[in-house]
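Structure incoming, see below.
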Amino acid sequence: MEDYAIEFRNVSKIYKLSGKDKKKSENKMFYALKDVSFRISKGEVVGILGTNGSGKSTMATILAGISEIDSGEMIVNGEQALIAINTGLNNQLTGLENIELKGALLGLKQQRINEIINGVAEFAELGEFLYQPVKKYSSGMKSRLGFSINLCLDPDILIIDEALSVGDKGFANKCLTRMKELKKQGKTIVFVSHSLPQVREFCDTALWIEAGEVREYGKVDPVCDHYSEYVDWMNKMSAEEKKKVNEEKFQKRIIPDAKDGFWDKVLTFFQKHM
């Protein structure tokens with residue numbers, strides 16, 4: 001039997017939608033992810049593709065253990081870390097204090113925390129900003145800090161959610177080089193990105209998520225080709241045509257019988273028993 005790092009078995013994630021009148025509940029429930037199944041082998045690098053609102057970031061937070069699923073089963077073999085802009089950073093603390101807090105929450109000894117501090121200082125190249133509150137950071141600097149902390153923690157599984165889409169190109173290339181080293185070391189990497197060139201260059205396989213469902217999963221180049229064709233098709237539409245297509249996709253994700261608090265009870269059940 002193949003040794004999998006991650007396995008999704010018919011995973012669904014449901015959100016409650018608020019109406020225009022926030023004082024009145026419309027009881028509409030929405031599939032962020034619906035019946036998603038896939039397997040990622042240990043040491044595999046998978047690119048996650050999808051248009052805005054497709055469910056990519058929801059999947060990233062679920063993979064990282066930050067968000068819970070509502071149905072199905074997720075199996076993760078190894079420690080995982082999510083690298084995303086702002087995720088896990090306390091804006092009131094300095095960069096240094098964020099590193100120390102992360103280490104303390106993970107139960108690391110002070111010697112190991114000091115090693116991580118030195119590693120982050122060297123890789124992130126934040127200089128004196130490491131000792132400034134994170135609220136003073138640009139989005140690129142936050143990305144540098146978050147990326148560097150999680151790299152230095154050396155997890156088994158890295159989930160990278162658009163973390164290379166901000167900041168300077170030089171640092172993005174530095175991160176890609178480091179990720180290639182981790183790839184050679186046999187780390188499992190899930191790479192969420194809008195950049196097809198980066199996905200093609202770095203990933204072995206690609207998973208295309210559209211409207212919360214798996215559209216295609218397989219070798220990276222064919223999936224990227226098909227996704228690129230889909231994006232080109234969408235971009236050629238008029239604003240009115242695109243609005244109609246997006247509305248149709250949205251309506252398919254609405255759960256039609258969510259009334260009388262039924263899905264609130266379902267969610268409560270899953271949260272207690274999953």
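Just the heavy atoms: all of them, side chains too, but no hydrogens, waters or symmetry mates, feed the values below.
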In residues 103-114, what donor-acceptor pairs under 3.5 Å come from side-chain atoms, sequence neighbours left out?
from   : atom 1 : to     : atom 2 : distance (Å)
Gln110 : NE2    : Asn114 : OD1    : 2.9
Arg112 : NH1    : Glu115 : OE1    : 3.4
Arg112 : NH2    : Cys152 : O      : 2.8
Asn114 : ND2    : Gln110 : O      : 3.3

**Message:** To the nearest 0.5 Å, what is the distance between CD1 on Ile14 and OG on Ser71?
**Reply:** 6.0 Å

**Request:** Kindly confirm or rule out a cation-pi arrangement of Arg144 over Phe171, judged by NZ or CZ under 6.0 Å from the six-membered ring centre and within 45° of its axis?
**Result:** yes

**Prompt:** Which side-chain hydrogen bond (donor to acceptor under 3.5 Å, both in side chains) pairs, counting each pair once, include a residue from residues 118-135, with sequence neighbours left out?
**Reply:** Glu125-Lys174

**Item:** Any side-chain heavy-atom pair of Tyr217 and Trp208 under 4.5 Å
**Value:** no

**Message:** I'd like to know whether Val134 forms a side chain to side chain contact (heavy atoms under 4.5 Å, CB included) with Gln92, so could you lay out the CA-CA distance, the side-chain angles of the two residues, the decisive distance to 0.1 Å, and finally the verdict.
**Reply:** CA-CA 6 Å; Val134 168; Gln92 303 307 313; over 6 Å; no

**Prompt:** What closest approach, in Å, do Asp35 and Ser12 show between heavy atoms, and which atom pair accounts for it?
**Reply:** N-OG, 2.9 Å

**Request:** Test salt bridge (charged side-chain N to carboxylate O under 4.0 Å, His left out) on Arg178 and Glu181 and set out the steps.
**Result:** CA-CA 5 Å; Arg178 177 61 179 142; Glu181 293 172 2; 3.0 Å; yes

**Results of side chain to side chain contact (heavy atoms under 4.5 Å, CB included) for Asp156 - residues two or more places apart only** = Glu79

**Audit row: Ile62, Leu33, side chain to side chain contact (heavy atoms under 4.5 Å, CB included) steps and yes/no** = CA-CA 10 Å; Ile62 289 172; Leu33 295 175; 3.8 Å; yes

**Message:** Can you confirm whether Gln185 is buried at CD, in the sense that more than 12 heavy atoms of other residues, nucleotides or ligands lie under 6.0 Å from that atom?
**Reply:** yes

**Prompt:** Out of curiosity, does Leu93 fall in the hydrophobic cluster containing Ile116 (side-chain heavy atoms, cut-off under 4.5 Å, transitive links)?
**Reply:** no

Pairs of donor and acceptor atoms involving the side chains of residues 45-61, under 3.5 Å and at least two apart or interchain, shall be tabulated with distances.
from  : atom 1 : to     : atom 2 : distance (Å)
Thr51 : OG1    : Glu210 : OE1    : 3.4
Thr51 : OG1    : Glu210 : OE2    : 2.5
Asn52 : OD1    : His194 : NE2    : 3.2
Ser54 : OG     : Thr51  : O      : 2.8
Lys56 : NZ     : Gly50  : O      : 2.9
Lys56 : NZ     : Thr51  : O      : 3.3
Ser57 : OG     : Asp161 : OD2    : 2.9
Thr61 : OG1    : Ser57  : O      : 3.4
Thr61 : OG1    : Thr58  : O      : 2.8

**Prompt:** How many angstroms lie between atom CG of Asp70 and atom OH of Tyr15, to the nearest 0.5 angstrom?
**Reply:** 8.5 Å

**Prompt:** salt bridge (Lys or Arg N to Asp or Glu O under 4.0 Å) with Lys187: which residues, sequence neighbours excluded?
**Reply:** Asp154

**Item:** Separation of Arg215 CZ from Tyr230 OH (nearest 0.5 Å)
**Value:** 5.5 Å

**Item:** Spacing of Met74 atom CE and Leu63 atom CG [to the nearest 0.5 Å]
**Value:** 6.5 Å

**Request:** Start with the C-alpha distance between Leu182 and Leu151, add both sets of side-chain angles, then the distance that settles side chain to side chain contact (heavy atoms under 4.5 Å, CB included), and finish with yes or no.
**Result:** CA-CA 9 Å; Leu182 294 172; Leu151 281 180; 3.4 Å; yes

**Item:** With Asp204 via salt bridge (Lys or Arg N to Asp or Glu O under 4.0 Å) - residues at least two apart
**Value:** Lys183

**Asked** What residues form a side chain to side chain contact (heavy atoms under 4.5 Å, CB included) with Asn235, not counting sequence neighbours?
**Response** Val231, Lys242

**Prompt:** Do side-chain atoms of Lys13 reach the backbone of Glu68 as a donor and acceptor pair under 3.5 angstrom?
**Reply:** yes

**Asked** Which residues satisfy the side chain to side chain contact (heavy atoms under 4.5 Å, CB included) test with Lys244, sequence neighbours excluded?
**Response** Glu248

**Prompt:** Is a side-chain donor or acceptor of Thr188 paired with a backbone partner of Ala5 at a separation under 3.5 angstrom?
**Reply:** no

**Request:** Could you state whether Val120 and Leu101 fall into the same hydrophobic cluster, counting links through intermediate Ile, Leu, Val, Met, Phe, Trp or Tyr residues with side-chain heavy atoms under 4.5 angstrom apart?
**Result:** no

**Request:** Could you list the residues that satisfy side chain to side chain donor-acceptor pair (under 3.5 Å) with Glu229, not counting sequence neighbours?
**Result:** none

**Message:** Evaluate Asp232 against Tyr227 for side chain to side chain contact (heavy atoms under 4.5 Å, CB included), listing each step before the verdict.
**Reply:** CA-CA 9 Å; Asp232 290 342; Tyr227 175 69; over 6 Å; no

**Message:** Taking side chain to side chain contact (heavy atoms under 4.5 Å, CB included) as the definition, give me every residue that meets it alongside Ser195, ordered by chain and number, with sequence neighbours left out.
**Reply:** Ser193, Pro197, Gln198

**Fill in**
Tested for side-chain contact (heavy atoms from CB on, under 4.5 Å) against Leu145, the lone hit among Leu96, Asn150, Leu130 is Leu130

**Message:** Would you say the rings of Phe8 and Phe38 are close, in the sense that their centroids are separated by under 6.0 Å?
**Reply:** yes

**Item:** Residues forming a salt bridge (Lys or Arg N to Asp or Glu O under 4.0 Å) with Glu241, sequence neighbours excluded
**Value:** none

**Request:** Identify which one of Val199, Leu196, Leu207 satisfies the side-chain contact (heavy atoms from CB on, under 4.5 Å) criterion when paired with Val220.
**Result:** Val199

**Message:** Which label fits Phe147 and Phe123: parallel for a plane angle under 30°, tilted from 30 to 60°, or perpendicular past 60°?
**Reply:** parallel

**Request:** Not counting sequence neighbours, which residues clear salt bridge (Lys or Arg N to Asp or Glu O under 4.0 Å) with Asp225? List them please.
**Result:** Arg200

**Asked** Hey, mind stepping through Lys34 and Glu213 against salt bridge (charged side-chain N to carboxylate O under 4.0 Å, His left out) and telling me if it holds?
**Response** CA-CA 6 Å; Lys34 183 179 180 182; Glu213 298 182 87; 5.1 Å; no

**Item:** Phe250 ring center near Phe30 ring center (under 6.0 Å)
**Value:** yes

**Prompt:** If you group Ile, Leu, Val, Met, Phe, Trp and Tyr by side-chain heavy-atom gaps below 4.5 Å, do Ile189 and Ile75 land in one group?
**Reply:** no

**Fill in**
Taken to the nearest 0.5 Å, the spacing of Glu44 CD from Tyr4 OH works out to 9.5 Å

**Item:** Euclidean distance, Ile6 CD1 relative to Lys42 NZ, rounded to 0.5 Å
**Value:** 11.0 Å

**Message:** What I want to check is whether the side chains of Asn98 and Asn90 have a donor and an acceptor closer together than 3.5 Å.
**Reply:** no

**Asked** Between the main-chain N or O of Tyr31 and the side-chain N or O of Arg253, is there a donor-acceptor pair closer than 3.5 Å?
**Response** yes

**Item:** Any donor-acceptor N or O pair under 3.5 Å, side chains Gln251, Glu247
**Value:** yes

